[in-house]
**Q** 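I'd like to ask you about the structure that follows.
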Amino acid sequence: MSPVRVRFAPSPTGFFHIGSARTALFNWLYARHTGGVFVLRIEDTDQARNSEEFLNLIYDSLRWLGMNWDEGPEIGGAFGPYRQSERAPVYREYLEKLKATGRTYEKDGAVYFKLLGERSEVFDEHRKKTVTKVAAAPSVIDDMIRGRVERVEDEDFVIVRSDGNPVFHFVNVVDDIAMQITHVIRGEDHLSNTSKHVELFKAFGAPVPSYAHIPLILKQNGPGKMSKRDQGALIEEYQKRGFLPEALVNFLCLLGWNPGGDREKMPIAEIIQLFDLPGVNQSNARFDEKKLAHMNMAYLLELPADRFVAAARDFFVKHSAAHPTRAALAASEDYFRAVMLLSQPKIKGVEELPAYTGYFFTEEFPIDPKVKEKVMAKGDPKTRLTELIVAVPTMDFSTDATIEEGIKKLANEKSLGFGDYQAVARLAVSGTNAGPSITSIFRLLGGKRTVHRLERFLAGL
RNA sequence: GUCCCCAUCGUCUAGCCUGGUUAGGACACUACCCUUUCACGGUAAGAACCGGGGUUCGAAUCCCCGUGGGGACGCCA
């Protein structure tokens, strides 16, 4: 049994999106699962639409998601070069081979691949033109996910354009032969192309690789598959928004594959161990942002403190143009760390952090009017504030527990509960009703700033 | 239009291959519990086998047809 060699073959003609990432992921997982080789090959034969910027985006995204390639651009390998734009001699050589078999002909300056079978002229209603149909034998695709698929390829097709550039079907097959690819794992949108490819492999006298056509990812709302223009489609966006790559990877794995049973959140090492092609679903999956957000939260909760703080800082640096964000970066490292760790168990995503923690770093934080209305309507918040302003300076601010003691003591004296002070104090120092425990907020702000905010809020009523 | 693929809660899915389940889990939604707010967590509830035929004692599971969804039909990849 020859070792598994798979390839991910993107073309740098647009942003790197969810669907491409998952195709890459399934290839990568299969290579890692089998101990095989993961090849990255850049299909940049469309000179008009390629760009270096998009190419770098592919590299960045793959690396961010943790998919390292064993052969490919920037690292090389025994079957290079790995950019099709640099492989013209290979294509010339293979074209000569094919010409020698008599399976090509030229028309309008382009080279066509000639199918085997009887020809007839037919008017195609859909395309509104007369085409030459070939009564060819069906191509058989033995797909590891879909089983046996039969399709008749019934028209000769272009393999080299009139400008001399070879087209996708040709270079794709040639490179799969030349790079000794054993398994072709790609989106189901390629299933109809596969008959072309099978016929080319056979014409070259090369073994046909095993195919695995994975289901497509559908857009979350409305009809059709997800495209680069749909909400939430771009990998770059998740990176910018501070998603954890391991969460995104875990989520992506579960879109069309699962290990059977109830397991969902799994470390990548375990996924590698369990992943296999027969476990991949046959039906398309709809993308669900909320489930991804939940997965991200689950990973965030478990993230070691240092990594969480680093992720937070990274996000703040990227968004340092905003005012509270800049103020946060100006704060001391210890203070920043303390605030972030206080927020870690409370948030769903790193992107919530600037708004969630803003009041720790600036005096100009907003007061939520709805929360204010609600809090001020209950009990006698003004009196509670006045009492706190007197009591806070007498409290021991060294730990949450001592602050709690202080507030409880005050509450006892007035025959009230902790809760009678909590809501209004929180509103006065943070402007909202969501956040860490009030004792932690007090402690981090310090007695002086706490009193100042209580006084300012009371004065503004 | 032609060809190809697919079909279990709103969504992702387990179960299907090798027929017998109170059809299980997760996200979302709702209620309650926990609670010092907000989250987290816990418990509960609602929620699905696309339709019709067939095979069989018995069909989500096997077969056929219909319907629905998706994809491909480029000198794009």
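Throughout, protein chains are lettered first and strands after them, A, B, ... in sequence-line order, and every chain is numbered starting at 1.
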**Q** Under a 3.5 Å limit for both distances, which nucleotide forms a Watson-Crick or G-U wobble pair with rU36(B), could you say?
**A** none
**Q** Find the partner of rA44(B): check Watson-Crick (N1-N3 plus N6-O4 or O6-N4) and G-U wobble (N1-O2, O6-N3) distances, both under 3.5 Å, and reply none if neither fits.
**A** rU30(B)
**Q** So, do F287(A) and F251(A) have ring centers that fall under 6.0 Å from each other?
**A** yes
**Q** Is there a Watson-Crick or G-U wobble partner for rC3(B) with both distances under 3.5 Å, and which nucleotide is it?
**A** rG71(B)
**Q** Both distances below 3.5 Å, Watson-Crick or wobble geometry, any strand: find the nucleotide opposite rC9(B).
**A** none
**Q** Name the nucleic acid region contacted by E188(A), choosing base, sugar-phosphate or nothing; use a 4.0 angstrom heavy-atom cut-off, strictly under.
**A** base
**Q** With heavy atoms of chain A within less than 4.0 Å as the criterion, where does contact along RNA chain B begin and end?
**A** rG1(B) to rA77(B)
**Q** Contact class for A423(A) vs. all strands (heavy atom < 4.0 Å): base, sugar-phosphate, or nothing?
**A** nothing
**Q** Tell me what G256(A) touches on the nucleic acid: a base, only sugar-phosphate, or nothing, going by heavy atoms under 4.0 Å.
**A** sugar-phosphate
**Q** Can you confirm if the NZ or CZ of K129(A) lies within 45° of the ring axis of F123(A) and under 6.0 Å from the centre of its six-membered ring?
**A** no
**Q** Using a cut-off of 4.0 Å on non-hydrogen atoms, how would the nucleic acid contact of G224(A) be classed: base, sugar-phosphate, or nothing?
**A** sugar-phosphate
**Q** Report yes or no: is the cationic atom of R426(A) (NZ for Lys, CZ for Arg) closer than 6.0 Å to the six-membered ring centre of Y359(A), at no more than 45° off its axis?
**A** no
**Q** Indicate, with a heavy-atom threshold strictly under 4.0 Å, whether N193(A) touches base, sugar-phosphate, or nothing.
**A** base
**Q** What is the nucleic acid contact for S437(A), judged by heavy atoms within less than 4.0 Å: base, sugar-phosphate only, or nothing?
**A** base
**Q** R263(A) near the nucleic acid: base, sugar-phosphate alone, or nothing, with a heavy-atom cut-off under 4.0 Å?
**A** nothing
**Q** For S139(A) and E153(A), which I'm curious about, is there any donor-acceptor pair between the side chains at under 3.5 Å?
**A** no
**Q** Consider side-chain hydrogen bond (donor to acceptor under 3.5 Å, both in side chains). Of K114(A), R119(A), R103(A), which one does D156(A) pass it with?
**A** R119(A)
**Q** Tell me if the centroids of the rings in H197(A) and H169(A) come within less than 6.0 Å of each other.
**A** yes
**Q** Among residues 155-170 of chain A, which contact RNA chain B at a heavy-atom distance under 4.0 Å?
**A** V158(A), R161(A), S162(A), V167(A), F168(A), H169(A)
**Q** Tell me what K348(A) touches on the nucleic acid: a base, only sugar-phosphate, or nothing, going by heavy atoms under 4.0 Å.
**A** sugar-phosphate
**Q** Please work out if D108(A) contacts a base, only the sugar-phosphate, or nothing of the nucleic acid, heavy-atom cut-off 4.0 Å.
**A** base
**Q** For a quick check of understanding: with a heavy-atom distance under 4.0 Å over all strands, which category does R426(A) fall into, base, sugar-phosphate or nothing?
**A** base
**Q** Check whether the ring centres of W257(A) and F275(A) lie less than 6.0 Å apart, and answer yes or no.
**A** yes
**Q** Mind running ring-ring contact (aromatic ring centres under 6.0 Å, His included) on H17(A) and F15(A) for me, showing each step along the way?
**A** CA-CA 6 Å; H17(A) 64 106; F15(A) 289 101; over 10 Å; no
**Q** How about H183(A) and F26(A): are their ring centroids closer than 6.0 Å?
**A** no
